[in-house]
Amino acid sequence: KINTRSSFGLRGIAKIFLEIDFNHNGSLDVDDFRWGLYDFGIQITQDEAYLLQKAFDRNGDGQVSYDEFVRTIRGDINDF
């Protein structure tokens, strides 16, 4: 669903990230995830939001950075 709304590649994903970063702290917590997905028409429970956020959180700090978000949505970025 997110990929369909990010028609401009990384620029589109950056815009989506900023839109769902409700606390404007540069990372996504579980509430940002839950309500951000709700804005995309995806309704999930709090427990499902925790599981999803954990899948995006590659370094295990409880937050999802922009880099973690991009890598999960688009895959690893090449060296170029």
Side-chain angles (χ1 to χ4, degrees):
K1 191 104 171 168
I2 290 173
N3 273 332
T4 62
R5 294 218 6 216
S6 62
S7 60
F8 301 111
L10 288 178
R11 193 172 7 169
I13 291 175
K15 183 178 178 192
I16 290 168
F17 184 88
L18 291 173
E19 287 175 8
I20 65 175
D21 180 14
F22 295 111
N23 343 2
H24 305 290
N25 64 355
S27 62
L28 306 176
D29 61 21
V30 70
D31 289 327
D32 289 336
F33 253 98
R34 186 168 184 210
W35 296 114
L37 290 175
Y38 184 80
D39 287 347
F40 278 86
I42 302 169
Q43 296 182 17
I44 61 174
T45 67
Q46 187 75 16
D47 290 338
E48 291 169 330
Y50 278 112
L51 290 173
L52 184 61
Q53 192 260 357
K54 188 176 178 179
F56 276 75
D57 181 12
R58 292 180 175 220
N59 68 3
D61 68 354
Q63 299 285 314
V64 176
S65 70
Y66 173 71
D67 288 339
E68 291 171 321
F69 187 75
V70 169
R71 285 192 176 124
T72 304
I73 296 294
R74 301 290 279 182
D76 287 329
I77 300 172
N78 66 33
D79 292 336
F80 297 107

So, for [X] and [Y], which heavy atoms are closest and what is the spacing to 0.1 Å?
X: Glu68; Y: Gln63; answer: OE1-O, 3.1 Å
X: Leu28; Y: Phe17; answer: CG-CE1, 3.5 Å
X: Val64; Y: Asp57; answer: CG2-N, 3.9 Å
X: Asp32; Y: Ile20; answer: CB-O, 3.3 Å

Next on the checklist: So, using side-chain hydrogen bond (donor to acceptor under 3.5 Å, both in side chains) as the criterion, who are the partners of Asp61 when residues are at least two apart?
Outcome noted: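 Testing Asp61 for side-chain hydrogen bond (donor to acceptor under 3.5 Å, both in side chains), a comparison that skips the adjacent residues, returns none.
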Next on the checklist: Gln53: which residues meet the side-chain hydrogen bond (donor to acceptor under 3.5 Å, both in side chains) condition with it, sequence neighbours left out?
Outcome noted: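 side-chain hydrogen bond (donor to acceptor under 3.5 Å, both in side chains) check on Gln53 returns nothing, list empty.
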Item to check | Co-members of Val30 in a cluster of I, L, V, M, F, W and Y side chains, linked at under 4.5 Å | outcome: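 Members other than Val30 - counting any ILVMFWY side chain reachable under 4.5 Å - are Tyr50.
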Item to check | Same apolar cluster (I L V M F W Y, side chains within < 4.5 Å links), Ile44/Phe56 | outcome: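 Yes, one cluster joins them.
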Next on the checklist: Assigning hydrophobic clusters by single linkage (Ile, Leu, Val, Met, Phe, Trp, Tyr; side-chain heavy-atom cutoff under 4.5 Å), is Leu51 placed with Phe33?
Outcome noted: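 Different hydrophobic clusters.
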Checklist entry - Do any N or O atoms from the side chain of Asp21 and from the backbone of Asn25 form a donor-acceptor pair under 3.5 angstrom? => result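 It does hold such a pair.
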Checklist entry - Stepwise, does the side-chain contact (heavy atoms from CB on, under 4.5 Å) test hold for Asp67 with Arg71? => result CA-CA 6 Å; Asp67 288 339; Arg71 285 192 176 124; 4.3 Å; yes
Next on the checklist: I want to check something: taking the side chain as every heavy atom from C-beta on, are His24 and Leu18 in contact at a cut-off of under 4.5 Å?
Outcome noted: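 No, every pair of side-chain atoms sits at 4.5 Å or beyond.
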Checklist entry - What distance do Arg58 atom CZ and Thr72 atom OG1 have between them, rounded to the nearest 0.5 Å? => result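 Output value for this atom pair is 4.5 Å.
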